[in-house]
S.K.: 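Attaching a single structure in structure tokens format; questions to follow.
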Amino acid sequence: MAERRDLSRDQYRRRSRRSFLTGGAAVAAGFMGWRGVQGSPADRRIPGVLRDVHGINESIWSSLFREDHLAKEFAREDASILRINGRIGIDNEIDLDRWQVTVQGPDGEEWGTHTLADIRALPRHEMTIEHKCIEGWAQVTNWGGARFSDVIDLYADRIGDDITDVGMETPDRRYYVSMDMATMRHPQTLLAYDMLDQPLDDAHGAPLRLATPLKYGIKQLKRIGVIQFRREPGRDYWGDRGYDDYVGL
Amino acid sequence: MTAILEPHEAAPELAPSPADEPYAVLKHRRGTRWMHWINFPLLTIMMWSGLRIYWAEDIYAFGILDWEWFKFFPDWFNEKLGLERKLARGLAFHFSFAWLFAINGIAFGIYTLVTGEWRELVPDRRALKDSFGVLLHDLHLRKEAPAHRGRYNAAQRMTYSLIILLGGLALLTGFAIFKPTQLGFLTAMFGGYTMARRIHFAVTIIFMLFFVVHLLQVARAGGRNFLSMITGYEVVGGGADRG
């Protein structure tokens, strides 16, 4: 640790040479490290090393996750109709009167189907939260719907500790997300059918969508067609396109 | 023992000759040098990946109502530098290298406290007034420079301390944006998610401005000063020490 306070000319020359050699080696090592990161085999469109760090981040923040820690709620008058940012999976016509959501078990076996009336029959909860987009914008909006935890309770006898994830897909299967069970059990994770007390319109995910302040919008699937309880994480539309699978807030 | 000393060996204590003065004196400790140079690429990577994130929603501009006077990083800037919009990669790099940036920054903070180097960095009561004097002197508007106490002049003390504090602010606002629910207290402290994001961006702009001024000042201060950040020692006998 201790360094000499002053040096003679010869000592300075030796020191100087050593510093440049060490510095040069450090620059080379840093450059190789950088190339190594950039060139590490891609894992779903990003360098594998960075995908691994996403995984480390996920284990840190999911271990700190508390189901009773709520996202901030805002005053109702601050809420506005949410910006529409994507139509993947919902840009085709469907017959809303015949719509129903299918609930599946881990092996794809059907556990049940529910109409919108079934979901509306569950206790209605409302929240005014800040919706956050992974692109960087945020907007306060208001959702009304059933807690997903109440749907979990409908299948309580079939959902054991082995169920760790929930997959959701649009009816056309073109948009799909993978969600962790802890987030799905959270009281602010809703199967929403209302925005600002009005039934969802088509672009916002009619008739039923996922709404939660605990994830970015990319995970909040619109027009839910299938819900699957799983033993492991499944495919995720944006995760497969280079994004973090967890994107927990 | 004294009996066997030759006269010329004892002489320096009695009358130091110019030849015995040190050729170079310690200026930057080893830890400071390492962490300074490690920070440089890390902060560059953070800003580069941060801009990729910013471009997904490039909303910050100065102006009144619909009239836009100045927009940060317009599209031509993006295209000129060939930094195409790749949000997913930007996020992956940003959230990975943030840990290294944080570890290096926190280590530097602890090192500075433990070694007592902070005394060379913290501005004193007269720093604000003297900084202005240094500024006038550096702009050739005033002949005499204010006296410094220690290694750095008042303007350097102010600037370096500010940059270190802003590093901490970048880290804290970054976490406030990264986990606005889990770290909700932090997000609230900065006035909410949108405000935290604005502060985070403003800090980045200040870092960029600092970088330009820092390079200019180092260039002005000359080779001996620059080399001291590599070797640790500055060759003494004349020469300025800005940076």
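Source: prediction; values computed, not measured. First the proteins, then the strands, lettered A, B, ... as listed; each starts at 1.
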S.K.: Looking at Arg17(A), Lys132(A), His69(A), which has the largest count of heavy-atom pairs under 4.5 Å with chain B?
M.R.: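 Looking at each of Arg17(A), Lys132(A), His69(A) in turn, Lys132(A) comes out on top.
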S.K.: Pick one of side chain, backbone, both or neither for Asn57(A), based on which atoms fall under 4.5 Å of a heavy atom in chain B.
M.R.: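 Looking at Asn57(A), just its side chain touches chain B.
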S.K.: Relative to chain B, which segment of Ile56(A) carries a heavy atom at a distance below 4.5 Å: side chain, backbone, both, or neither?
M.R.: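 The answer is neither part of Ile56(A).
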S.K.: Looking only at the aromatic ring of each residue, does the gap between the centers of Tyr12(A) and Tyr233(B) stay below 6.0 angstrom?
M.R.: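 Between Tyr233(B) and Tyr12(A), the centre distance exceeds or equals 6.0 Å.
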S.K.: Between Asp172(A) and Thr170(A), do the side chains contain an N or O donor and an N or O acceptor separated by less than 3.5 Å?
M.R.: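 The criterion, which ignores hydrogens and geometry beyond distance, is satisfied for Thr170(A) and Asp172(A).
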S.K.: Side chain, backbone, both or neither: which part of Val37(A) has a non-hydrogen atom closer than 4.5 Å to chain B?
M.R.: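 Just the side chain, heavy atoms under 4.5 Å.
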S.K.: Using the rule given for side-chain contact (heavy atoms from CB on, under 4.5 Å), can you reason through Leu190(A) versus Arg147(A), listing the C-alpha separation, both sets of side-chain angles and the distance that settles it, and then say yes or no?
M.R.: CA-CA 4 Å; Leu190(A) 303 184; Arg147(A) 279 185 180 154; 3.8 Å; yes
S.K.: Heavy-atom count check: over 12 atoms from other residues, nucleotides or ligands less than 6.0 Å from Arg13(A) CZ?
M.R.: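 Counting other residues, nucleotides and ligands, CZ of Arg13(A) stays at 12 neighbours or fewer.
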S.K.: If we define contacts as heavy-atom pairs under 4.5 Å, which of Val49(A), Asp244(A), Leu7(A), Asp6(A) has the most with chain B?
M.R.: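 When all of Val49(A), Asp244(A), Leu7(A), Asp6(A) are compared, Leu7(A) has the most.
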S.K.: Quick one: does NZ or CZ of Arg197(B) land under 6.0 Å from the six-membered ring centre of Phe201(B), within 45 degrees of the ring axis?
M.R.: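 Cation-pi check for Arg197(B) and Phe201(B): fails.
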S.K.: Which one of Thr231(B), Leu183(B), Ile45(B) has the most heavy-atom pairs closer than 4.5 Å to chain A?
M.R.: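 Highest number of pairs under 4.5 Å: Thr231(B).
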S.K.: Using non-hydrogen atoms only, which part of Ile38(B) is less than 4.5 Å away from chain A: side chain, backbone, both, or neither?
M.R.: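 Nothing of Ile38(B), per the 4.5 Å heavy-atom cut-off to chain A.
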S.K.: Chain B: which of Ala26(A), Cys133(A), Ser8(A) shares the most heavy-atom pairs with it under 4.5 Å?
M.R.: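 Of the options given, most contacts go to Ser8(A).
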S.K.: Under 4.5 Å heavy-atom distance to chain A, tell me which part of Trp37(B) shows up: side chain, backbone, both or neither.
M.R.: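 The answer is neither part of Trp37(B).
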S.K.: Here's one to test your reading of the geometry: is the NZ or CZ of Lys179(B) within 45 degrees of the ring axis of Phe175(B) and under 6.0 Å from its centre?
M.R.: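 Here Lys179(B) fails the 6.0 Å and 45° test against Phe175(B).
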S.K.: Would you mind checking which part of Ile230(B) comes under 4.5 Å of any heavy atom in chain A, side chain (CB onward), backbone (N, CA, C, O), both or neither?
M.R.: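 For Ile230(B), backbone and side chain are both near chain A.
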S.K.: With a 4.5 angstrom heavy-atom cut-off, which part of Trp61(A) approaches chain B: side chain, backbone, both or neither?
M.R.: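 When you check distances to chain B, atoms from both the backbone and side chain of Trp61(A) fall under 4.5 Å.
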S.K.: Answer with side chain, backbone, both or neither: which region of Phe31(A) has an atom nearer than 4.5 Å to a non-hydrogen atom of chain B?
M.R.: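 The answer is neither part of Phe31(A).
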S.K.: Does Lys27(B) pair with Glu120(B) as a salt bridge, N-O distance under 4.0 Å?
M.R.: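 Glu120(B) and Lys27(B): not salt-bridged.
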S.K.: In terms of heavy-atom proximity below 4.5 Å to chain B, should Ser16(A) be classed as side chain, backbone, both, or neither?
M.R.: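 Both parts, heavy atoms under 4.5 Å.
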S.K.: Quick check: Tyr160(B) with Trp118(B) (ring centres under 6.0 Å apart)?
M.R.: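 No.
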S.K.: Relative to the ring of Phe211(B), is the ring of Phe40(B) parallel (under 30°), tilted (30 to 60°) or perpendicular (over 60°)?
M.R.: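 Geometry flag for Phe211(B) against Phe40(B): parallel rings.
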S.K.: Return the option, out of Lys72(A), Gln11(A), Arg15(A), with the maximum number of heavy-atom pairs under 4.5 Å with chain B.
M.R.: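 Top count of heavy-atom pairs under 4.5 Å with chain B: Arg15(A).
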S.K.: Measure the CE-CD distance between Met179(A) and Gln220(A) for me, rounded to the nearest 0.5 Å.
M.R.: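 So the gap between those two atoms works out to 7.5 Å.
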S.K.: Would you mind checking which part of Ile129(A) comes under 4.5 Å of any heavy atom in chain B, side chain (CB onward), backbone (N, CA, C, O), both or neither?
M.R.: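 Neither part; nothing is under 4.5 Å.
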S.K.: What part of Pro41(B) gets within 4.5 angstrom of chain A, counting heavy atoms only: side chain, backbone, both, or neither?
M.R.: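 Contact with chain A: none, neither part.
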S.K.: Between Tyr193(B), Trp99(B), Phe97(B), Trp34(B), who has the most heavy-atom pairs with chain A when the cutoff is under 4.5 Å?
M.R.: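 Counting heavy-atom pairs under 4.5 Å, the top option is Tyr193(B).
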S.K.: Should the pair Phe148(A) and Phe229(A) be assigned to parallel (<30°), tilted (30 to 60°) or perpendicular (>60°) ring geometry?
M.R.: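 The rings of Phe148(A) and Phe229(A) sit tilted, inter-plane angle from 30° to 60°.
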S.K.: Need one label for Arg45(A): side chain, backbone, both or neither, based on atoms under 4.5 Å from any heavy atom in chain B.
M.R.: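 The answer is the backbone of Arg45(A).
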S.K.: Please look at Arg241(A) and chain B and tell me whether the side chain, the backbone, both or neither of the residue comes under 4.5 angstrom of a heavy atom of that chain.
M.R.: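 Just the backbone, heavy atoms under 4.5 Å.
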S.K.: Which bit of Phe93(B) comes within less than 4.5 Å of chain A, counting heavy atoms only: side chain, backbone, both or neither?
M.R.: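 Both parts, backbone and side chain.
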S.K.: Closer than 4.0 angstrom, basic N to acidic O: yes or no for Asp180(A) and Lys215(A)?
M.R.: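 Yes, Asp180(A) and Lys215(A) are salt-bridged.
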